[in-house]
Amino acid sequence: MSTSSATSWACDLIQSVLGEDRQLAREYPLVFDDNARGEIVSIEVDGEVRSACALLERELVLPDVRVRAGFIGTVVTHPEFRGRGLAGRVLARAEERLAQRGSLVAILWGDDQGFYTRRGYQPFGAEVDFALAPELVSQLPEPVGVREFYAEDVPALYDLYAAHPERVTRELEDTRTLLGAPDMEVLVCERWGRVSGYSCLGRGHDLRDVVHEWAGDAQTVMMLVRAHMERRAARGEERDIYVMSPPSAKDLCARLTAAGAIMSTGILGLAKLVDPIGAARLCAARLDRRGGIRVEAGEKISFIGGRGCWEA
């Protein structure tokens, strides 16, 4: 089967397994859109695609380091071919491809965490989630300067996103594609002729009631959340709204808690080193200028630096 045919068949398989009501190009435009930068990995049985997953390569930006990573999503197997190890094989193939291209870690979100932990994945990162009932709207600041997003706002919103100390890298055009998702509500806060913040509510099946991306100071984000809540109330939607936040956004977390939001903590996803030696070199370089690594049988890794030694 040609590469283009296999990709088409794999996309059809993913669509059929997830359900025809899921509009994948809208939910994940960076992978399934016609101009997507992502990639599909598949396993064939008797010339037909029976298991597949999606890949998207990015960098994780942390306060003092960047890490090349690959995001794996929508691991599916045709119902009649489950139990034959195909999902494990397609996952291993995706991991191998990421390692060959320089990724140090593979990251995914999985409903069946046991399936992935048995294959070396571990909980990764942290997030703080807040649930706000509709009656809490009056506890948030008035949405002064909040308006709908316009296409010409994209460069300003891209700059705000890039100012986050912890983020996943993406290009300006990727931002434009994501902000143009038709089932996502994007609001901006404009004050004194300058866009000072924005927020994104909803996208597809998984993020329907979630403010999953935002930028700006805590006051601005609170105003944006209130605007979302008021717009939902005007449409007759009475469901809770959820706000995702990194633990480092302490001011926002404190303000949402004071407003009566219910807080819970969770993980960002599951992660696995696909290039342990490369990861060890990165960690060793962070020790100090004398840092180094020693690799022994069984891939035992020792980090040696001026402040001591740590083994993994």
Side-chain angles (χ1 to χ4, degrees), residues 1-11 13-14 24 28-45 47-62 65-77 81 84-110 115-125 167-171 173-174 268-286 291-303 312:
M1 185 183 297
S2 69
T3 302
S4 59
S5 297
T7 299
S8 177
W9 279 53
C11 289
L13 173 64
I14 293 171
L24 296 181
Y28 309 107
L30 298 186
V31 176
F32 295 103
D33 188 73
D34 290 339
N35 299 314
R37 298 171 184 261
E39 179 182 354
I40 303 297
V41 178
S42 62
I43 295 287
E44 297 177 22
V45 177
E48 296 190 18
V49 174
R50 297 306 187 186
S51 189
C53 69
L55 287 185
L56 188 63
E57 297 171 70
R58 286 291 185 266
E59 277 190 326
L60 297 179
V61 178
L62 303 172
V65 69
R66 288 179 174 235
V67 179
R68 183 73 179 175
F71 293 84
I72 300 176
T74 55
V75 180
V76 302
T77 300
F81 288 80
R84 304 186 187 185
L86 296 183
R89 286 173 54 196
V90 80
L91 189 61
R93 182 173 294 183
E95 294 165 2
E96 180 181 3
R97 190 165 299 181
L98 290 174
Q100 291 172 345
R101 295 178 178 177
S103 290
L104 302 183
V105 62
I107 300 171
L108 54 79
W109 294 262
F115 172 82
Y116 296 103
T117 56
R118 290 192 297 272
R119 288 160 177 80
Y121 286 82
Q122 297 295 326
F124 163 81
R167 67 186 187 280
V168 176
T169 58
R170 67 187 189 210
E171 302 296 328
E173 288 308 309
D174 293 338
L268 287 178
L270 300 173
K272 175 182 178 180
L273 291 179
V274 294
D275 181 3
I277 305 303
R281 294 186 187 282
L282 178 66
C283 293
R286 307 307 300 174
I293 62 171
R294 181 170 57 233
V295 182
E296 301 175 2
E299 293 191 338
K300 181 178 180 180
I301 301 171
S302 298
F303 303 90

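Just so it is clear, the structure is predicted and the values come from calculations on it, not from any experiment. Hydrogens, waters and symmetry mates play no part in the numbers below; they use all other heavy atoms, side chains included.
- Put simply, CD on Gln122 and OG1 on Thr117 are 7.0 Å apart, with the number rounded to the nearest 0.5 Å.
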Please step through side chain to side chain contact (heavy atoms under 4.5 Å, CB included) for the pair Ile107 and Leu268, ending with a clear verdict. CA-CA 9 Å; Ile107 300 171; Leu268 287 178; over 6 Å; no
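- Leu55 contributes atom CG, which lies 5.5 Å from atom CD1 of Ile72 (distance to the nearest 0.5 angstrom).
- Aromatic ring orientation, Tyr121 versus Tyr116: perpendicular (interplanar angle above 60°, classes split at 30° and 60°).
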Side chain to side chain contact (heavy atoms under 4.5 Å, CB included) evaluation trace for Arg84 with Arg50: CA-CA 11 Å; Arg84 304 186 187 185; Arg50 297 306 187 186; over 6 Å; no
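- With sequence neighbours left out, Phe115 forms a ring-ring contact (aromatic ring centres under 6.0 Å, His included) with no residue at all.
- Counting heavy atoms from C-beta outward, Ile43 and Phe81 have side chains that stay 4.5 Å or more apart.
- From Leu56, atom CG reaches atom CZ of Arg170 across 11.0 Å, with rounding to the nearest 0.5 Å.
- Remark: Glu173 pairs with Arg176 by the salt bridge (charged side-chain N to carboxylate O under 4.0 Å, His left out) rule, at least two apart or across chains.
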Side chain to side chain contact (heavy atoms under 4.5 Å, CB included), that's the test. Do Phe124 and Leu108 meet it? Break it down for me. CA-CA 9 Å; Phe124 163 81; Leu108 54 79; over 6 Å; no
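- Val90 and Val41 get closest at one heavy-atom pair: CG2-O, 3.5 Å.
- With hydrogens and angles disregarded, a donor-acceptor distance shorter than 3.5 Å links the side chain of Arg58 to the backbone of Thr169.
- A donor-acceptor pair under 3.5 Å is absent between the side-chain atoms of Ser42 and the main chain of Ser51, judged by distance alone.
- Glu95 has no carboxylate O lying under 4.0 Å from a charged side-chain N of Arg119, or vice versa, which leaves the two without a salt bridge.
- Between Gly70 and Ser103, the shortest heavy-atom contact is N-OG, 3.7 Å.
- With rounding to the nearest 0.5 angstrom, the CZ atom of Arg66 is 14.0 Å from the CG atom of Leu104.
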Please assess Cys53 against Leu91 for the test side chain to side chain contact (heavy atoms under 4.5 Å, CB included), listing each intermediate value before the final yes or no. CA-CA 7 Å; Cys53 69; Leu91 189 61; 5.7 Å; no
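- With rounding to the nearest 0.5 angstrom, the CD atom of Gln100 is 11.0 Å from the CG atom of Asp275.
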